[in-house]
Amino acid sequence: MKTLRIIKPDDWHIHLRDGAMLQGTVQAASACFNRVLVMPNLSNPVTTVRLAKEYYQRIQQVLPAESKLETLMSLYLHESITVDTIKEAKASQLIYAVKMYPSGVTTNSASGVQDITKLYPILEAMEEVGLLLLIHGESADKDVDIFDRERVFIDQTLAKIVQQFPNLKIVLEHVSTKEGIDFVKQASDKVAATLTVQHMAVNRNQLLAKALNPHYYCFPILKREEHRQAVLQAAMSGSSKFFLGSDSAPHPKTKKESASGCGGIYTGYDTLALYAEIFEQANALDCLENFASKNGANFYGLPIKENKVTLIKEEVQVPSVIQLGNEEVVPYKAGEIRKWRTQEIS
């Protein structure tokens with residue numbers, strides 16, 4: 001048996017959902033992570049400090065008794081947010097970031113940003129108090145090809161934000177293209193990125209090549225192999241600008257397999273083991289700890305916690321469905337064999 005022991009990581013982009021699903025997602029996250037940064041795009045978006053505190057309390061209520069999971073909260077960037085909201089968020093010591101969703105680009109983003117320039121005073125306030133801006137970096141222009149939306153957003157919007165607010169810390173979330181990787185590499189040390197399992201491990205063939213597989217449909221959509229390789233190489237590069245953000249996003253099986261469908265991939269059942277498999281395949285297991293456990297904390301200016309977690313190399317069959325509350329969710333690699341497991345998870 002082969003084991004790997006590393007500092008217990010942080011997940012800087014996770015969807016815990018709410019309601020009946022919440023207990024299952026929180027328990028799985030607690031086994032893998034020291035900290036999780038919780039996304040605010042609930043069906044009722046988390047746009048105020050009060051809503052963030054209420055959501056935080058619901059999470060605490062379902063944490064296992066022995067858990068030491070630290071849950072960091074974020075706000076949903078919305079036209080109702082004021083400069084005073086930003087100051088209150090910073091003072092709360094609970095909220096660490098504000099998430100920008102261009103309107104309509106992903107799950108529960110209808111209330112997102114239509115014109116970011118109108119919210120520049122909010123970004124200025126964030127820059128002043130030290131709240132991070134997290135960005136779902138895709139163009140909402142319906143005339144832009146879905147495979148080009150990240151590149152176009154970077155060219156038309158992100159580059160301007162970075163130039164306008166040079167001291168604002170920005171995380172480009174779930175980067176999926178070579179252009180996204182290159183932008184982050186060339187930007188100042190105020191700009192970083194999270195990388196997901198799916199964008200490191202699979203390309204659009206997994207979604208489209210045989211029959212349409214709705215369980216690999218996500219936002220940003222999976223791209224060509226050259227883009228997957230760029231994302232993978234960034235993770236293995238040792239650059240402190242790239243770190244773990246799973247974007248684990250469970251959806252009920254019935255909604256994923258419906259005519260309208262929905263975007264998101266559930267990796268949260270054992271996120272860390274899935275990353276370990278990718279790093280081993282790339283002969284880079286020695287890079288996993290920095291990527292998963294140190295780079296994100298350093299970028300956020302938070303201490304690196306020293307408690308450890310053990311990974312065991314062992315073949316485990318991924319179930320075809322996982323029960324989260326009263327919903328069946330089809331996980332990433334459903335029915336396949338994975339090569340690692342986190343010790344705390346049976």
Side-chain angles (χ1 to χ4, degrees), residues 12-13 102 105-106 134-159 162 170-188 191-249 263-265 267 271 274-288 290-292 295-296 332-333 336 338-339:
W12 297 101
H13 182 145
V105 298
T106 190
L134 315 181
I135 296 180
H136 183 116
E138 290 192 282
S139 171
D141 186 341
K142 292 182 173 60
D143 292 331
V144 174
D145 189 284
I146 191 170
F147 293 103
D148 294 332
R149 288 178 183 174
E150 185 170 286
R151 176 184 59 78
V152 170
F153 178 86
I154 290 168
D155 291 345
Q156 295 184 353
T157 304
L158 181 56
V162 171
I170 296 172
V171 181
L172 183 58
E173 303 274 36
H174 42 53
V175 176
S176 65
T177 61
K178 182 179 183 300
E179 291 86 357
I181 294 297
D182 289 343
F183 181 87
V184 173
K185 285 180 178 177
Q186 294 162 15
S188 77
V191 179
T194 55
L195 307 180
T196 73
V197 165
Q198 58 266 27
H199 293 114
M200 291 166 61
V202 292
N203 61 34
R204 65 189 188 181
N205 282 352
Q206 192 73 36
L207 172 68
L208 299 167
K210 294 182 179 178
L212 180 64
N213 185 340
H215 302 292
Y216 280 85
Y217 183 52
C218 60
F219 304 114
I221 198 166
L222 299 174
K223 305 296 196 302
R224 288 179 176 271
E225 176 64 10
E226 65 180 300
H227 297 294
R228 184 192 76 84
Q229 285 290 340
V231 175
L232 180 65
Q233 289 166 18
M236 310 299 159
S237 69
S239 169
S240 61
K241 282 175 164 276
F242 300 104
F243 42 87
L244 190 158
S246 71
D247 192 22
S248 178
I265 296 177
T267 55
T271 307
L274 296 172
Y275 277 101
E277 183 172 330
I278 296 167
F279 275 75
E280 183 188 38
Q281 289 172 347
N283 295 314
L285 270 176
D286 58 328
C287 297
L288 178 61
N290 282 343
F291 173 82
N295 292 350
Y332 175 76
K333 298 192 75 157
E336 300 179 33
R338 57 189 174 97
K339 304 297 179 63

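- No more than 12 heavy atoms of other residues, nucleotides or ligands sit less than 6.0 Å from atom NZ of Lys178.
- You'll find the side chain of Phe242 stays beyond 4.5 Å of the side chain of Met236, heavy atoms only.
- In this structure, OH in Tyr217 is found 9.0 Å from CG in Leu212, a value given to the nearest 0.5 Å.
- For the pair Glu138 and Pro102, the minimum side-chain heavy-atom distance is 4.5 Å or more.
- In this structure the side chain of Leu195 reaches within 4.5 angstrom of the side chain of Ile181, judged on heavy atoms.
- Side-chain atoms of Lys185 do not come within 3.5 Å of backbone N or O of Ser239 as any donor-acceptor pair.
- Judged by distance alone, with hydrogens and angles left aside, the side-chain atoms of Glu150 form a donor-acceptor pair with the main-chain N or O of Thr177 at under 3.5 Å.
- Counted by atom type alone, Lys223 and Ser176 present one or more donor-acceptor pairs between their side chains at under 3.5 Å.
- A tilted orientation is assigned to the rings of His13 and His174, their planes being inclined by 30° to 60°.
- Rounding to the nearest 0.5 Å places CD of Glu173 at 4.0 Å from OG1 of Thr194.
- Here the straight-line distance linking atom CG of Asp286 with atom CZ of Phe279 works out to 9.5 Å at 0.5 Å rounding.
- With Glu277 contributing its side chain and Lys339 its backbone, the two residues share a donor-acceptor pair below 3.5 Å.
- Residue Val184 comes nearest to Ala193 through the heavy atom pair CG2-CB, 3.9 Å, listed as atom of the first residue, atom of the second, then distance.
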Practice task
Kindly indicate, with the supporting measurements, whether the criterion ring-ring contact (aromatic ring centres under 6.0 Å, His included) is fulfilled by His227 and His199.
Solution key: CA-CA 8 Å; His227 297 294; His199 293 114; over 10 Å; no
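- Residues Phe153 and Val105 have side chains not in contact (no heavy-atom distance under 4.5 Å, counting atoms from C-beta outward).
- Not counting sequence neighbours, the partners of Ser246 by the side chain to side chain donor-acceptor pair (under 3.5 Å) test are Asp11.
- Between Met200 and Tyr275, the closest side-chain pair of non-hydrogen atoms falls below 4.5 Å.
- The shortest non-hydrogen separation linking Ser139 to Val152 is CB-CG1, 4.0 Å.
- Atom OH of Tyr216 sits about 7.0 Å away from atom CD1 of Ile265, to the nearest 0.5 Å.
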Exercise for the section: Please test Val171 against Phe243 for side chain to side chain contact (heavy atoms under 4.5 Å, CB included), starting from the C-alpha separation and ending with a verdict. Expected result: CA-CA 10 Å; Val171 181; Phe243 42 87; 4.3 Å; yes
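- For the pair Phe183/Val175, no side-chain contact is recorded, criterion being any heavy-atom separation below 4.5 Å from C-beta on.
- Thr267 OG1 to Gln198 CD: the interatomic distance, rounded to the nearest 0.5 Å, is 6.0 Å.
- Note that CG of Asp247 and OG1 of Thr196 are 6.5 Å apart. Values are rounded to the nearest 0.5 Å.
- Here the side chain of Lys241 pairs a donor or acceptor atom with the backbone of Ser188 at under 3.5 angstrom.
- The heavy-atom pair separating Ile278 from Ala201 by the smallest distance is CD1-CB, 3.7 Å.
- Under the 4.5 Å side-chain criterion, counting only non-hydrogen atoms from C-beta, Ile170 is in contact with Leu158.
- Between Asn203 and Leu222 the shortest side-chain heavy-atom distance does not fall below 4.5 Å.
- With Arg338 contributing its side chain and Leu274 its backbone, the two residues share no donor-acceptor pair below 3.5 Å.
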